[in-house]
**Q** 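Can you keep this structure in mind? I'll have questions shortly.
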Amino acid sequence: MRRLYTLLLTLATPLVLAYFGLRGFRDSRYWKRWGERLGWNRIPAGPFDTLVHAASLGEVNAALPLVKALLADNPEGRMLVTTFTPTGSQRVRELLGDTVSHCYLPLDLPWAVRRLLDRSRPRRVVIVETEIWPNLYAQVQGRGIPMIMANARLSRRSVPGYQRFSRLIAPALRGVDRILAQGSKDARRFVECGADPERVERAGNLKFDIELSPALLETGELLRAGWGVNRPVLVAGSTHEDDERVVLAAFRQVLEHHSQALLVLAPRHPERFARAAQDVAAAGLTLRRRSEGRFPGDAQCLVLDTLGELLAYYAAADVAFVGGTIAEIGGHNLLEPAALGKPLLFGPHTANVKETATRLLESGAAHRVLTVDDMRSELLRLFEHPVTRDRMGQAGLKLVHRGRGALAKTMTALDQVGRAPSA
């Protein structure tokens, strides 16, 4: 089955590269570093102690506590972090700089994957969340390299597709030394897709182990001082077009009651920055772009058209809305604003973060909004009742603190499957 998969992927490679070329018209970074997509890279020669693969922005953010713990555990060790998207790549550089080596993970072609592994010679491999690449897994397993899946999740909708190709997916999963699932349902789904039950366990969500620097909180305070401490502020993070449609419509109505309110809008993908600004203007809101300065003045909306700053803006918010939840994406990181003590709003589509969303709702740290009217009502209520905001924020903080522990379990699993020797 894997031979047929490889043949079809080989035939499709020109189409994949053409897709990158088309994406480049919206994000020019897709036109760069094409050699890495085929396994040619400029990373230093191995061996590396650990190869961590975190496909995109969300996975990089989730992997950060683990990467930092691994670096602290073996300061002389060398680490390679791979991503698949330019956004993820930029985030690695922003968060980790030259403390790690970095390149794109190549397309799942045997010779491309072989070239990366020959160059890097990792002593162990960590896959963050859900990246099941049959040829990559086969190459790693064939070399006897210990491999775990950390922060692993699998949505209910994904299971039938993986089961349909069980002859391809099941052997890949059976060869993983440990699968550390976010929740019990995720663990069960991996088993349903062919993983060895003895190698699957519920470990929790690495995002609960988020560590916030004092500098981040200080930046949030500086932002509020510049905006006006009494100015009501909604930060809508990681938004998509459908999210923005509801947020903008609701915020226009909020302005009728709170004329000085500020919306900070942070689109998920950089290629949408310009379009989001156009939509803000079309909605009748005055706007300023973050790239023009961090203080919006009298503008009603600040479009965050930069990367790596969303947490600081969450820290300056009165209320946070997390995108990908009105859009049928499945939700993005709900724990970042919760860890900052902010009351949370999100929409109905939370399949990617279902367990976290449920726990936030049950604890009273968040509210689900389904319509423009819901959003307007919740914003007015929260803007006008600081005691309610504080109560929700404290509930989120307590939930985050109670949820910690996935990092320790992941480090233990790496010990058990074979710790890399010190350099």
**Q** Considering residues at least two apart in sequence or located in another chain, which fulfil the side-chain contact (heavy atoms from CB on, under 4.5 Å) criterion with His257?
**A** Leu380
**Q** So, Thr325 side chain and Gly347 main chain: donor-acceptor pair closer than 3.5 Å or not?
**A** yes
**Q** Output yes when a side-chain donor or acceptor of Asp242 lies under 3.5 Å from a complementary backbone atom of Ile326, and no otherwise.
**A** no
**Q** Closer than 3.5 angstrom, by distance alone: can the side chain of Arg178 be matched with the main-chain N or O of Ile148 as a donor-acceptor pair?
**A** no
**Q** Would you mind telling me which of Arg224, Lys342, Arg381 makes a salt bridge (Lys or Arg N to Asp or Glu O under 4.0 Å) with Asp318?
**A** Arg224
**Q** To the closest 0.5 Å, what do you measure between CG (Asp186) and OG1 (Thr130)?
**A** 7.5 Å
**Q** Evaluate the side-chain proximity of Arg252 to Leu248: yes if any heavy-atom separation is below 4.5 Å, no if none is.
**A** no
**Q** Does the ring of Tyr104 carry Arg37 above it, NZ/CZ under 6.0 angstrom from centre and within 45° of its axis?
**A** yes
**Q** Is it the case that the side chains of Gln253 and Arg376 hold a donor-acceptor pair, with the cut-off being a distance below 3.5 Å and no angle test?
**A** yes
**Q** Less than 4.5 Å apart, side chain to side chain, heavy atoms only: is that true for Leu168 and Arg2?
**A** yes
**Q** Do the side chains of Phe346 and Val369 get nearer than 4.5 Å, heavy atoms only?
**A** no
**Q** Using the rule side-chain contact (heavy atoms from CB on, under 4.5 Å), only one of Val100, Leu414, Thr410 pairs with Leu70; which is it?
**A** Leu414
**Q** Rounded to the nearest 0.5 Å, what separation is found between the CG atom of Leu334 and the CG atom of Leu344?
**A** 6.5 Å
**Q** Can you tell me if His367 uses its side chain to pair, donor with acceptor, with the backbone of Leu345 under 3.5 Å?
**A** no
**Q** With sequence neighbours left out, write down each residue that passes side-chain hydrogen bond (donor to acceptor under 3.5 Å, both in side chains) with Thr6, or none if nothing qualifies.
**A** Asn135
**Q** Would you confirm whether the ring centroid of Tyr5 sits within less than 6.0 angstrom of the ring centroid of Trp133?
**A** no
**Q** Are the side chain of Asp209 and the backbone N or O of Ala406 linked by a donor-acceptor pair below 3.5 Å?
**A** yes
**Q** Among residues at least two apart in sequence or on other chains, which ones pass side-chain contact (heavy atoms from CB on, under 4.5 Å) with Asn352?
**A** Arg153
**Q** Rounded to the nearest 0.5 Å, how far does NE2 of His269 lie from CG of Leu57?
**A** 9.0 Å
**Q** Taking Ala181's backbone N and O only, do any of them form a donor-acceptor pair with Arg202's side chain (distance below 3.5 Å, no angle check)?
**A** no
**Q** Determine whether His102 and Thr82 make a side-chain contact, defined as any pair of heavy atoms from C-beta on separated by less than 4.5 Å.
**A** no
**Q** Mind checking what makes side-chain hydrogen bond (donor to acceptor under 3.5 Å, both in side chains) contact with Thr350, not counting sequence neighbours?
**A** Arg368
**Q** If you round to the nearest 0.5 Å, how far is CG of Asp305 from CZ of Arg288?
**A** 10.5 Å
**Q** Please check if the number of heavy atoms outside Glu192 that lie under 6.0 Å from its CD is greater than 12.
**A** yes
**Q** Which heavy atom of Ala299 sits nearest a heavy atom of Thr286, and at what distance?
**A** CA-OG1, 3.4 Å
**Q** Do Lys207 and Asn205 have side chains that get closer than 4.5 Å, going by heavy atoms?
**A** yes
**Q** Using a 4.5 Å cut-off on heavy atoms from C-beta on, say whether the side chain of Leu263 contacts that of Leu255.
**A** no
**Q** Backbone N or O of Leu38 within a donor-acceptor pair of the Arg115 side chain at under 3.5 Å?
**A** yes
**Q** Cut-off 3.5 Å, side chains only: do Thr10 and Thr13 have a donor facing an acceptor?
**A** no
**Q** Which atom names give the shortest non-hydrogen contact between Gln139 and Pro110, and what distance separates them?
**A** NE2-O, 3.7 Å
**Q** Can you list everything that forms a side-chain contact (heavy atoms from CB on, under 4.5 Å) with Pro44? Sequence neighbours excluded, please.
**A** Phe48, Arg78, Ser101
**Q** Can you tell me how far apart CG (Leu335) and NE2 (His332) are? Round to the nearest 0.5 Å.
**A** 14.0 Å
**Q** Is Val128 close to His53 at the side-chain level, that is, under 4.5 Å between some pair of heavy atoms?
**A** no
**Q** Nearest 0.5 Å, what's the CD-CD distance between Glu129 and Glu59?
**A** 4.5 Å
**Q** Under the side chain to side chain contact (heavy atoms under 4.5 Å, CB included) criterion, do Leu234 and Val264 qualify, and how do the steps go?
**A** CA-CA 6 Å; Leu234 165 67; Val264 178; over 6 Å; no
**Q** Pairing donors with acceptors under 3.5 angstrom, does anything connect the side chains of Tyr162 and Arg189?
**A** no
**Q** Any side-chain to backbone donor/acceptor pair from Arg93 onto Gly97? Under 3.5 Å, distance only.
**A** yes
**Q** Can you give me the closest heavy-atom contact between Asp108 and Leu136, atom names plus distance?
**A** OD1-N, 2.8 Å
**Q** So, do His240 and His349 have ring centers that fall under 6.0 Å from each other?
**A** no
**Q** Test side chain to side chain contact (heavy atoms under 4.5 Å, CB included) on Leu96 and Leu64; report intermediate values, then the result.
**A** CA-CA 9 Å; Leu96 299 167; Leu64 184 62; 3.7 Å; yes
**Q** Compare every heavy atom of Cys301 with every heavy atom of Leu265, then report the nearest pair and how far apart it is.
**A** CB-SG, 4.1 Å
**Q** So which atom in Phe295 and which in Gly226 form the shortest heavy-atom distance, rounded to 0.1 Å?
**A** CE2-CA, 3.4 Å
**Q** Side chains of Asn41 and Arg119: donor-acceptor distance under 3.5 Å anywhere?
**A** no
**Q** Do other residues, nucleotides or ligands put more than 12 heavy atoms under 6.0 Å from the CZ atom of Arg156?
**A** no
**Q** Using a strict 4.0 Å threshold on nitrogen-to-oxygen distance, state whether Arg290 and Glu309 make a salt bridge.
**A** yes
**Q** Does Thr371 form a side chain to side chain contact (heavy atoms under 4.5 Å, CB included) with Asp374? I'd like the steps, not just the answer.
**A** CA-CA 5 Å; Thr371 65; Asp374 289 342; 3.3 Å; yes
**Q** Does the pair Phe321 and Met375 meet the rule for a side chain to side chain contact (heavy atoms under 4.5 Å, CB included), with working shown?
**A** CA-CA 10 Å; Phe321 169 81; Met375 177 82 76; 3.7 Å; yes
**Q** Using residues 21-28 as the side-chain source, report each donor-acceptor pair under 3.5 Å to any protein atom, sequence neighbours left out, with the distance given to one decimal.
**A**
unit_1 : atom_1 : unit_2 : atom_2 : d
Arg23  : NH1    : Tyr19  : OH     : 2.7
Arg23  : NH2    : Tyr30  : OH     : 3.4
Arg23  : NH2    : Glu271 : OE2    : 2.6
Asp27  : OD1    : Arg29  : N      : 3.2
Asp27  : OD1    : Arg29  : NE     : 3.0
Asp27  : OD2    : Arg29  : NE     : 3.3
Asp27  : OD2    : Arg29  : NH2    : 2.8

**Q** With heavy-atom distances below 4.5 Å as the criterion, would you say the side chains of Thr239 and Arg268 are in contact?
**A** no
**Q** May I ask you to check whether Arg33 and Ser89 show a side-chain donor-acceptor distance below 3.5 Å?
**A** yes
**Q** Is a side-chain donor-acceptor pair under 3.5 Å present for Gln90 with Thr87?
**A** no
**Q** Asp49 pairs by salt bridge (Lys or Arg N to Asp or Glu O under 4.0 Å) with which of Arg124, Arg123, Arg121?
**A** Arg123
